[in-house]
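Because the structure is a prediction, the values reported are computed rather than measured.
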Amino acid sequence: MKTREMLQILFNASDSKVLDEVANVINSLGSHFGINTNLRLAHFLAQVREEIGSKFEPRIESLNYSESSVLKTFKQITPAQAEQYARDEDTPVADQVAIANIVYANRMGNGNADSNGNGKLDKQDDGYMYRGRGTLQITGKYNYQEVQKRIDKYYPNSGVNILTGSNVDSLLGSILIGMGFWIWKDLYRLADAGTSKQVVDSITAVINKYTSSYDKRYSHFTSISKLI
């Protein structure tokens with residue numbers, strides 16, 4: 001596969017050695033996770049590019065929202081909570097732990113905002129523990145569990161366990177998260193349908209249905225489609 005060439009185009013802010021490492025992981029393990037043709041690879045990397053940006057590195061979701069942006073992004077948070085926890089002129093960094101626990105409570109397999117029952121919104125609650133991670137930024141306890149099942153099935157003894165935190169934010173862990181989600185959702189089957197925007201959009205809809213980045217993801221795909 002033309003992995004290294006595609007990576008260079010999409011992730012041009014990355015160190016060359018990092019891209020070599022990424023290419024090696026994908027070329028070594030991709031066939032186990034439904035990434036074994038240039039077409040499938042191009043679809044996968046186009047989605048990754050939009051999720052993590054032009055620098056290929058482990059990415060954890062930032063929830064450093066302003067009051068207006070958190071209310072616009074999440075319907076689960078109240079104006080009073082946004083005022084309390086979001087950043088403003090006096091508080092340049094939001095309480096990201098509290099925000100994560102509120103906006104991701106009671107969905108995607110997570111418990112309530114105080115899921116560990118200690119009366120606090122802290123780092124051990126589900127919302128914060130299972131916030132967006134990896135090359136496809138999976139979110140929620142249920143998604144973490146299902147992706148870990150695929151990692152264990154297709155790359156046993158990887159040393160990566162996203163439920164316990166073992167190597168979860170390593171480069172390998174980040175890539176495996178994305179590949180585990182890819183094969184769990186059978187996205188390789190959608191990718192095999194071709195190179196049209198409709199195909200790219202169908203994959204985007206599974207990864208992040210309500211995103212505003214459909215056109216950007218297709219643009220990433222077209223930038224490397226000549227290598228298919």
Pairing of E51 and R217 as salt bridge, 4.0 angstrom limit
yes
hydrophobic_cluster_shared for V25 and L176, side chain cutoff 4.5 Å
yes
Residue pairs, two or more places apart or on separate chains, that pass ring pair (Phe, Tyr, Trp, His ring centres under 6.0 Å) and touch residues 56-77
F11-F56, Y65-F74, F74-Y104
Hey, are D192 and R40 close enough for a salt bridge, meaning a charged N less than 4.0 Å from a carboxylate O?
yes
Please tell me if the side chains of F221 and L10 come closer than 4.5 Å, counting only heavy atoms from C-beta onward.
no
Give a yes or no on whether M129 and I60 share a hydrophobic cluster (residues Ile, Leu, Val, Met, Phe, Trp, Tyr; joining criterion: side-chain heavy atoms under 4.5 Å apart).
no
Under a 4.0 Å N-O cut-off, is there an ion pair linking K2 with E5?
no
Closer than 4.0 angstrom, basic N to acidic O: yes or no for E21 and K17?
no
Value for NE2 (H220) from OG (S213), rounded to nearest 0.5 Å, stands at 7.5 Å
Residue pair W182, F44: steps toward the ring-ring contact (aromatic ring centres under 6.0 Å, His included) verdict
CA-CA 8 Å; W182 179 266; F44 175 73; 5.5 Å; yes
If two hydrophobic side chains count as joined below 4.5 Å and joins carry through other members, does Y130 share a cluster with Y128?
no
Is there a side-chain contact between I52 and L136 in this structure, where contact means two heavy atoms from C-beta onward sitting under 4.5 Å apart?
no
Going by the rule side chain to side chain donor-acceptor pair (under 3.5 Å), which residues pair with K197 if we only count those two or more places apart in sequence or in a different chain?
D201, D215
Consider only side-chain heavy atoms of I, L, V, M, F, W and Y, link residues closer than 4.5 Å, and tell whether L29 and I151 are in one cluster.
yes
